[in-house]
Amino acid sequence: MRQFSQSKKIVLAIFATIIVLAGLLLVIISSLGQKRELEVANMSQDIISESNSSAINNPSSNALIQINHHGFIGNWSGSNTSFSFKDNGTYTYKSEDYQASGSYLVAGEYEDIILLKLTYFAQHSGETYLYFRFNQGDTKVSVDNLGTFSRSTDVAPVASNFYMTNSLKYAPQYASESLIGTWTRISSDGQTIDYINYNPDGSFEEFNNQMVKIKSGKFSVNTQNKTITILISFDDGSPGIQIPYSTNSTFTILTSLSTNQPNTISYKNSLPDKLN
């Protein structure tokens, strides 16, 4: 009986030792885990600090990321006309009877198309969208109403920071995407009323016939068959409007269907024909 009691004490002592060792093991594991979390946190902080330092010391570093397919930075020559695009976001256009210069942004790039938004191009004021269509090899580019231009210097891709927010990366599939560009609104008696730019980020600008900006705001589009309704809100807080339009098959003509506003027809800047 005394021998059994002694054996029981030994078993209990061993069990207690196991419990103590297990507790110590848990403490060690927890300590190692906390140390690892601290190391990861410190590592993350180092990465963040390095990233911030790089951005502060080299704010134009993002501009070096080349993301487009067509090289158009350089000089292009046409018949008594020329375009020059610089890598700082500026351009110059010259013809026999007209010159313009300003800045550019890329609103879309897909297939053989680049859609640019140029400042001070039309009437030396405002902002105008132009389609540039490239041939295979990017040696020639066609611009609607301006003709064909041939590459006269080496060209380079545009930098990423000159792309507009939500710039098109594929051919337009929805009405809101097809709207992007410059539209000329004509009255029923053939007079130019205004110009409207619909931008990739859902904003718009309206210019009078002297290309002076008179309104800006946001737009959205509701579609039903070949009829669309453009919903407009204004930055100045004016009451919003909704205007229904019918469209042609290529979405380059909008005919207003409003019963409480004068009828108008709007023409979109045209996409140039393909180059051989």
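Hydrophobic clustering of Ile, Leu, Val, Met, Phe, Trp and Tyr side chains at less than 4.5 Å, counting indirect connections, unites L115 with Y110. Under the 4.5 Å side-chain heavy-atom criterion for Ile, Leu, Val, Met, Phe, Trp and Tyr, I243 and I265 are members of distinct hydrophobic clusters. Residues F162 and L118 are members of one and the same hydrophobic cluster, defined by side-chain heavy-atom contacts under 4.5 angstrom among Ile, Leu, Val, Met, Phe, Trp and Tyr. There is no path of hydrophobic side-chain contacts, each under 4.5 Å, that joins I253 to I196. Grouping the Ile, Leu, Val, Met, Phe, Trp and Tyr side chains by contacts below 4.5 angstrom, directly or via other members, places V106 with V141.
Summarising the geometry, atom CD1 belonging to I113 is positioned 4.5 Å from atom CG belonging to L271; distances are rounded to the nearest 0.5 Å. Here the CD atom belonging to Q242 is positioned 7.0 Å from the OG1 atom belonging to T229, to the nearest 0.5 angstrom. One finds the CD1 atom of I228 at 6.5 Å from the OG1 atom of T247 (value rounded to the nearest 0.5 Å). With values rounded to the nearest 0.5 angstrom, E127 atom CD is found 7.5 Å from S103 atom OG. One finds the CG atom of N80 at 8.5 Å from the OG atom of S95 (value rounded to the nearest 0.5 Å). One distance of note links CG of L116 with OH of Y104; it measures 8.0 Å at 0.5 Å rounding.
Judged purely by distance below 3.5 Å, without hydrogens or angles, the side chains of Y170 and E177 pair a donor atom with an acceptor atom. Defined by atom type and a distance below 3.5 Å, a donor-acceptor pair is missing between the side-chain atoms of N209 and T192. Looking at T252 and T250, their side chains do bring a donor and an acceptor atom within 3.5 Å of each other. Checked by atom type, the side-chain pair S187/T264 shows no donor-acceptor distance below 3.5 Å. A side-chain donor-acceptor contact under 3.5 Å links D235 and S216. One side chain, N199 or Y129, offers a donor N or O that lies under 3.5 Å from an acceptor on the other.
At a threshold of 4.0 Å, the pair R151-D138 does not count as salt-bridged, since none of the basic side-chain nitrogens sits closer than that to a carboxylate oxygen. One finds no salt bridge joining K213 and E205 here, because no Lys/Arg side-chain nitrogen approaches an Asp/Glu carboxylate oxygen to under 4.0 Å.
W76 places none of its side-chain heavy atoms less than 4.5 Å from the side chain of T81. Here the side chains of V221 and L179 are in contact, with some heavy-atom distance below 4.5 Å. Counting heavy atoms from C-beta outward, F149 and V143 have side chains that approach closer than 4.5 Å. Side-chain atoms of L168 and I180, non-hydrogen and from C-beta on, do get closer than 4.5 Å to each other. Between T119 and F121, the closest side-chain pair of non-hydrogen atoms is not below 4.5 Å. Using a 4.5 Å heavy-atom cutoff, the side chains of F72 and V158 are in contact.
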Criterion side-chain contact (heavy atoms from CB on, under 4.5 Å) on W183 and Y267, from CA distance to verdict: CA-CA 5 Å; W183 293 78; Y267 297 90; 5.7 Å; no
Evaluate T227 against L257 for side-chain contact (heavy atoms from CB on, under 4.5 Å), listing each step before the verdict. CA-CA 9 Å; T227 300; L257 302 174; 4.1 Å; yes
Applying side chain to side chain donor-acceptor pair (under 3.5 Å) to T182 and N269, what does each step give before you reach the verdict? CA-CA 6 Å; T182 298; N269 49 341; 4.7 Å; no
Test log, rule side-chain contact (heavy atoms from CB on, under 4.5 Å), inputs Y131 and K268: CA-CA 11 Å; Y131 282 97; K268 187 182 183 184; 3.1 Å; yes
Start with the C-alpha distance between Y245 and I230, add both sets of side-chain angles, then the distance that settles side-chain contact (heavy atoms from CB on, under 4.5 Å), and finish with yes or no. CA-CA 8 Å; Y245 294 92; I230 302 178; 3.7 Å; yes
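Between Y120 and Y91, the ring centre distance reaches or exceeds 6.0 Å.
Remark: the backbone N or O of D201 is not paired with any side-chain donor or acceptor of T165 at under 3.5 angstrom. Counting only distance, with no hydrogens or angles, the side chain of N208 and the backbone of Q210 share a donor-acceptor pair below 3.5 Å. E109 places a side-chain N or O within donor-acceptor distance of the main-chain N or O of H70, the cut-off being under 3.5 Å. Remark: side-chain polar atoms of S178 are paired, donor with acceptor, to backbone N or O of Y174 under 3.5 angstrom.
Annotation for A122 and M211: closest pair O-CG, 3.8 Å, computed over non-hydrogen atoms. In terms of heavy atoms, P272 sits closest to R133 at O-NH1, 2.6 Å. The shortest heavy-atom contact between N263 and S258 is OD1-O, 3.7 Å. In plain terms, the two heavy atoms of S167 and Y163 that are nearest each other are OG-CD2, 3.6 Å. Nearest heavy-atom pair across A175 and T223 is CB-OG1, 3.6 Å.
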Could you tabulate the donor-acceptor pairs under 3.5 Å formed by side-chain atoms of residues 83-90, not counting sequence neighbours?
from : atom 1 : to  : atom 2 : distance (Å)
S84  : OG     : N75 : OD1    : 2.7
N88  : OD1    : T90 : N      : 3.2
N88  : OD1    : T90 : OG1    : 2.7

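Around CG of D154, the count of heavy atoms belonging to other residues, nucleotides or ligands within 6.0 Å does not exceed 12. Heavy-atom neighbours of Q261 CD from other residues, nucleotides or ligands within 6.0 Å: above the threshold of 12.
The side chain to side chain contact (heavy atoms under 4.5 Å, CB included) test with L130 singles out one residue from L146, I114, N145, and that residue is L146.
Aromatic ring pairs are classed by plane angle as parallel below 30°, tilted from 30° to 60° and perpendicular above 60°; the pair Y93 and Y98 is tilted.
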